[in-house]
Structures are given as C-alpha cells and as structure tokens.
Asker: 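I am attaching a structure below and will ask some questions about it afterwards.
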Amino acid sequence: MTDGTVAAAGKVAEQRMAPKVEQKVTITAIAQEAGVSVPTVSRVVNGRSDVAPATRARVEELLRQYGYRRRTASSGDRPALIDLVFNDLDSPWAVEIIRGVEETTHEVGFGTVVSAIHDRAGSARQWMRNLRARASGGVILVTSVLEPVLHEELHRLGVPLVVVDPSGSPALDAPTVGATNWAGGMSATEHLLELGHRRIGFIAGPPRLLCSRARLDGYRAALEAAGVGVDDRLMVPGDFYHEAGFTGCNRLMDLDEPPTALFAASDQMALGAIEALRRRGMRVPEDVSIVGFDDLPEVRWSAPPLTTVRQPLVEMGKVAARTVLRQARGEEIDSPRVELATELVIRASTAPLPG
C-alpha cells in the first residue's frame, strides 16, 4: 500500500467517523436533484400512492440522503392548526362545512383557522403571508381559486392541501372532496317530471364552478331522457345567493309561456324564487313547484318546507379534515378523488301539475 493510498483511506475513515451535520433541504432542492416536479416530491413526502415506483424510490433515497424530515403534527415543526379557506363566508353553506371540519380537528386536538380570501387583489397573498407566519399544518380550500404561484408556494413549504368542491379542472395536484352533483341535478329534475311538469325552469350557479356545471348537466340529462326538449329560454344565470333566485324567477315568470316548476341550483336561490312568487301573488306549490339544492337547516322551516337535494356538507368537511390530517402525519390517503352521495329530500314545495 502506497503512502497516497494510506492517506486516502485515512481521509475516508475520518469522513465516516465525523459527526453528520444536519442539512436543511427544501422540497424544491430535492425535486431539482431528482429531476422531477415539486408536486411529485410533495406526493412522496405526504404518502400519496400516485407516483411511479422507480420515481418514488429515487425521491425517497434523496430524502434519506439529505436527512429530510417529514413535517408532521407530532414532529414539532408545525403547530396543531389547519387552515380552512373560503372565497366568502356569507353563506349558511359555509357554516355546515366549518362544522364538519371543526368536529374532526377538535377530536385530535387541532385548531381551525377560518379565512375568506374573496376576489380582491392581494387578498390571497395576504392570507399566504399569514399562513407562513403561523406555519399551518395543512390547508382545506373550499370553492376558491389560488394563483398558481401560491399553489407552488404551498408545495415548496410542504403544506398538505385538500380542495372541497374544486372550482376548476380536477387536474389540480391535490386531493378533492365533493358530492355527486350531476346525479343530484338529475334526481331533482326527474322528480318534477314524475309530477307531470314539462316546462321546468333552471336557475344556475356560477359557471366557473364544476358543481354548478354538473347540476346543469344533470338537469339537461333528465329532460333528454324523458324526451323533453331542452329550452334555453328556461335556463337563467345565478350565483347561489337569494337575490339571484329572486331575479331569475321573475325573469322566467315573465316569459310568454312561463315554467310550471323551477329547479334552483342552491337552496338560497330557491328561497329567493319563493319570495319572488309570493310578491306576484303566486303560491308554492299550487301554482309553481320548486326544488332546491343543499338541504340547509333553514329550508325545513321555510314556507312551505323546501323539497331539495341534500348534499352532505358536514360530512364533506369531515372527510376533507381527515384527509389533510392524514397527509400531515405522512400517511397514505385512501383516494385522491372523493364524491359523497346526494339524496333527494321531498317536502311540501313540490306537487303534481294541476289539471
């Protein structure tokens, strides 16, 4: 053995014996070295199953090599907080989601931070600054849109994300929780058809939301299956709130041949429509039958009690909370796409077509 070989061997031995220096490495750095996207590394870190085995092995080896520690609620890296983010908070629909999330997070000792980012410029960025400051353990995003750069920031920080009722394409790189909106729209319309109605008006939700488009598609499908032509004049825009239901109903009732029944894509719009009919001196369901969508607690006490499609809002909140908590613990989730069943609830606002 030469002197050079002895020196090299001694140097390697020193390196092996030297205490390991903890390296602070980001998910972004791991992604660059692995030659994959930041979302892919995030999926591996959070135990997601939708990663190719070879890619997972390469990423996990780099995570071990750099001593990357998964951020979990028990690791001390993040406080026991979950961010629940809405576009707006002025709806009883939001309250039901909050109930489901808080019931679940409370059971495991987590707190819930509720925010509304609205559509105002800079509002979402301010929320992101606040989130970084409190180092939230996860985010549940409800029918809201974040700029791509903010999604990337969540991935960079390794913050788990779950989306409830996604507003855009389900290609969004996050688990989603929703309801069977298409089936709900179809069952509402089929109920009115079974009662003999053929001119059925539809007050739509915001077209940017997938749930709105699915309810409209269910309405169309039921009419087509029954051999009833789809009349575009019987479909009016809305935004899920009372005033849109009031305005939309008046617009439909002003037609030369007004509908004998209405399907509103939300309970609040259905209640707005009932008020519009009341002011016209028309009765529900004697003159016009009405079906809503949501089954909010208040509609069983409306006059008359509202027939509606129940979507399990509280359960949707619970599923979203369980999913984000599992990700925060580094556990694998059951499915990246969850749709909970809707159910038609028949009350007193619908009746057979007179005559």
Asker: If you take all heavy atoms of Ser91 and Gln268, which pair is closest and at what distance?
Answerer: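 Of all heavy-atom pairs spanning Ser91 and Gln268, the closest is OG-OE1, 3.3 Å.
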Asker: Between Leu89 and Val114, does a side chain to side chain contact (heavy atoms under 4.5 Å, CB included) hold up when you go through it step by step?
Answerer: CA-CA 9 Å; Leu89 284 170; Val114 180; 3.9 Å; yes
Asker: For Glu332, does its backbone N or O pair with a side-chain atom of Arg326 as donor and acceptor, under 3.5 Å?
Answerer: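 Side chain of Arg326 to backbone of Glu332, a donor-acceptor pair under 3.5 Å: yes, one is there.
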Asker: Ignoring hydrogens and geometry, is there a side-chain-to-backbone donor-acceptor pair from Tyr219 to Ile200 under 3.5 Å?
Answerer: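 Here the side-chain-to-backbone pair exists.
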Asker: Count the heavy atoms belonging to other residues, nucleotides or ligands that lie under 6.0 Å from CH2 of Trp182, then report whether that count exceeds 12.
Answerer: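 For Trp182, atom CH2 is not crowded (no more than 12 foreign heavy atoms under 6.0 Å).
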Asker: Tell me if a side-chain donor or acceptor on Arg278 pairs with a main-chain N or O of Arg283 at a distance below 3.5 Å.
Answerer: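 No; zero donor-acceptor contacts below 3.5 Å.
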Asker: side-chain contact (heavy atoms from CB on, under 4.5 Å) with Val139: which of Val163, Leu131, Val324?
Answerer: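 With Val139 as partner, Val163, Leu131, Val324 yield a single side-chain contact (heavy atoms from CB on, under 4.5 Å), made by Leu131.
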Asker: Atom CD of residue position Glu286 - does it have more than 12 heavy atoms of other residues, nucleotides or ligands inside 6.0 Å?
Answerer: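 More than 12 heavy atoms, drawn from other residues, nucleotides or ligands, come within 6.0 Å of this atom.
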Asker: Looking at side-chain heavy atoms only, is the closest gap between Arg220 and Met235 below 4.5 Å?
Answerer: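 Answer yes - side chains close enough.
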Asker: Pick one: which of Thr350, Asp295, Asp267 meets side chain to side chain donor-acceptor pair (under 3.5 Å) with Thr308?
Answerer: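 So the option named by the test is Asp267.
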Asker: Sort and list the pairs that fulfil salt bridge (charged side-chain N to carboxylate O under 4.0 Å, His left out) and have at least one residue in residues 301-320, not counting sequence neighbours.
Answerer: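 Checked against salt bridge (charged side-chain N to carboxylate O under 4.0 Å, His left out) - neighbours excluded - the pairs reaching residues 301-320 are Glu103-Lys318, Glu315-Arg322.
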Asker: Within a 6.0 Å radius of atom CZ on Arg233, are there more than 12 heavy atoms belonging to other residues, nucleotides or ligands?
Answerer: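 12 or below, so no.
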Asker: Is the shortest side-chain heavy-atom distance between Leu277 and Asp287 below 4.5 Å?
Answerer: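 Sidechains of Asp287 and Leu277: no contact.
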Asker: Measure the spacing between CZ of Arg198 and CG of Leu192 and express it to the nearest 0.5 Å.
Answerer: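 Those atoms lie 10.5 Å apart.
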Asker: Identify whether the distance between the nearest side-chain nitrogen and carboxylate oxygen of Arg58 and Glu61 falls below 4.0 Å.
Answerer: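 Not counted as a salt bridge, because no side-chain N and carboxylate O are separated by less than 4.0 Å.
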Asker: Test your reading of the model: is there a side-chain donor-acceptor pair from Thr247 to the backbone of Ala244, 3.5 Å cut-off?
Answerer: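 No, because the side chain of Thr247 does not come within donor-acceptor range (under 3.5 Å) of the backbone of Ala244.
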Asker: State whether the side chain of Asp239 and the backbone N or O of Tyr241 hold a donor-acceptor pair below 3.5 Å, judged by distance alone.
Answerer: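 Yes; judged by distance alone, with no hydrogens or angles, the pair exists.
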Asker: Once rounded to the nearest 0.5 Å, what's the spacing between atom CD1 of Ile97 and atom CD1 of Ile140?
Answerer: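 So the gap between those two atoms works out to 9.0 Å.
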Asker: Quick check: do Pro336 and Thr176 have side-chain heavy atoms less than 4.5 Å from each other?
Answerer: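 Heavy-atom side-chain distance check fails, nothing below 4.5 Å.
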Asker: What is the distance from atom CG of Leu306 to atom CH2 of Trp301, rounded to the nearest 0.5 Å?
Answerer: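 Output value for this atom pair is 14.5 Å.
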Asker: Membership question, hydrophobic clusters at under 4.5 Å side-chain separation (ILVMFWY): are Val95 and Val101 in the same one?
Answerer: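 No, separate clusters.
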Asker: How far apart are the closest heavy atoms of Ala225 and Met186, and which atoms are they?
Answerer: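 Of all heavy-atom pairs spanning Ala225 and Met186, the closest is CB-CE, 4.5 Å.
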Asker: Give a yes or no on whether the backbone of Ile290 and the side-chain of Ser349 come within a donor-acceptor separation of less than 3.5 Å.
Answerer: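 Checked: pair present.
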Asker: Are any non-hydrogen side-chain atoms of Phe240 and Asp88 less than 4.5 angstrom apart?
Answerer: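 Phe240 vs Asp88: side chains apart.
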Asker: Grab the two heavy atoms, one from Pro237 and one from Arg251, that are nearest each other, plus how far apart they are.
Answerer: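 So the two residues come closest at CD-NH1, 3.4 Å.
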Asker: Just wondering, are more than 12 heavy atoms of other shown residues or ligands nearer than 6.0 Å to CD in Gln126?
Answerer: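 More than 12 within 6.0 Å, yes.
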Asker: What pair of heavy atoms forms the shortest contact from Ala264 to Ala270, and how long is it?
Answerer: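 Reported closest heavy-atom pair: CB-N, 3.6 Å.
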Asker: Find out whether Phe293 and Leu344 are in side-chain contact, i.e. whether some heavy atom of one side chain is under 4.5 Å from a heavy atom of the other.
Answerer: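 SC-SC contact between Phe293 and Leu344 ruled out.
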Asker: With hydrophobic residues grouped by side-chain heavy-atom distances under 4.5 Å, do Leu353 and Phe263 end up in a single group?
Answerer: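 No: no chain of side-chain contacts under 4.5 Å links Leu353 to Phe263.
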Asker: Can you tell me if Arg280 and Asn250 form a side-chain donor-acceptor pair at under 3.5 Å?
Answerer: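 There is such a pair (donor and acceptor under 3.5 Å, judged by atom type) between the side chains of Arg280 and Asn250.
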Asker: Is a side-chain donor or acceptor of Ser266 paired with a backbone partner of Met269 at a separation under 3.5 angstrom?
Answerer: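 Answer holds: yes.
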Asker: Going only through I, L, V, M, F, W and Y residues with side-chain contacts under 4.5 Å, is there a path from Val162 to Val314?
Answerer: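 Unlinked, Val162 and Val314 end up in two clusters.
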Asker: Run Val142 and Asn87 through side chain to side chain contact (heavy atoms under 4.5 Å, CB included) and show every step you take.
Answerer: CA-CA 7 Å; Val142 185; Asn87 198 47; over 6 Å; no
Asker: Begin from the C-alpha positions of Gln327 and Leu161 and carry the test side chain to side chain contact (heavy atoms under 4.5 Å, CB included) through to its verdict.
Answerer: CA-CA 8 Å; Gln327 289 184 97; Leu161 172 66; 6.0 Å; no
Asker: Using only atom types and a distance under 3.5 Å, with no angle test, would you say the side chain of Thr307 pairs donor to acceptor with the backbone of Arg347?
Answerer: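 Yes, the answer is positive, given that a donor and an acceptor are paired below the 3.5 Å cut-off.
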Asker: May I ask whether Leu340 and Leu325 are part of the same hydrophobic cluster, defined by side-chain heavy atoms of I, L, V, M, F, W, Y residues being less than 4.5 angstrom apart, directly or through others?
Answerer: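 Yes, same cluster.
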Asker: Under the 3.5 angstrom rule, does the side chain of Ser212 hit a backbone N or O of Arg208 as a donor-acceptor pair?
Answerer: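 A pair under 3.5 Å: no.
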Asker: Return the minimal non-hydrogen interatomic distance between Ala265 and Arg215, and the atom names on each side.
Answerer: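 Nearest pair, atom of Ala265 first, then Arg215: O-NH1, 2.7 Å.
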Asker: Is the shortest side-chain heavy-atom distance between Leu154 and Met128 below 4.5 Å?
Answerer: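 Contact flag for Leu154/Met128 side chains = yes.
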Asker: How far does OG1 of Thr342 sit from CD of Gln311, to the nearest 0.5 angstrom?
Answerer: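 Here the interatomic distance stands at 8.0 Å.
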Asker: Please test Asp165 against Leu209 for side chain to side chain contact (heavy atoms under 4.5 Å, CB included), starting from the C-alpha separation and ending with a verdict.
Answerer: CA-CA 8 Å; Asp165 261 351; Leu209 298 180; over 6 Å; no
Asker: Do Val345 and Ile274 land in one hydrophobic cluster if side-chain heavy atoms of ILVMFWY residues count as linked below 4.5 Å?
Answerer: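 Different clusters.
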Asker: In Å, rounded to the nearest 0.5 Å, how long is the span from CD1 of Ile203 to CG of Leu252?
Answerer: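 Spacing of CD1 (Ile203) from CG (Leu252) equals 6.0 Å.
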Asker: Check whether any side-chain heavy atom of Ser289 sits under 4.5 Å from a side-chain heavy atom of Leu262, and report yes or no.
Answerer: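 The answer is no; the side chains never approach within 4.5 Å.
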Asker: Of all the heavy-atom pairs spanning Val309 and Gly184, show the shortest one and how long it is.
Answerer: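 Reported closest heavy-atom pair: CG2-O, 3.4 Å.
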Asker: Rounded to the nearest 0.5 Å, how far apart are CG of Leu255 and CG of Leu234?
Answerer: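 So the CG of Leu255 and the CG of Leu234 are separated by 6.5 Å.
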Asker: Taking His191 for the side chain and Ile346 for the main chain, is one N or O donor matched with an acceptor at less than 3.5 Å?
Answerer: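 No: the side chain of His191 does not pair with the backbone of Ile346.
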Asker: Is any side-chain heavy atom of Glu343 closer than 4.5 Å to one of Pro312?
Answerer: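 No, their side chains stay 4.5 Å or more apart.
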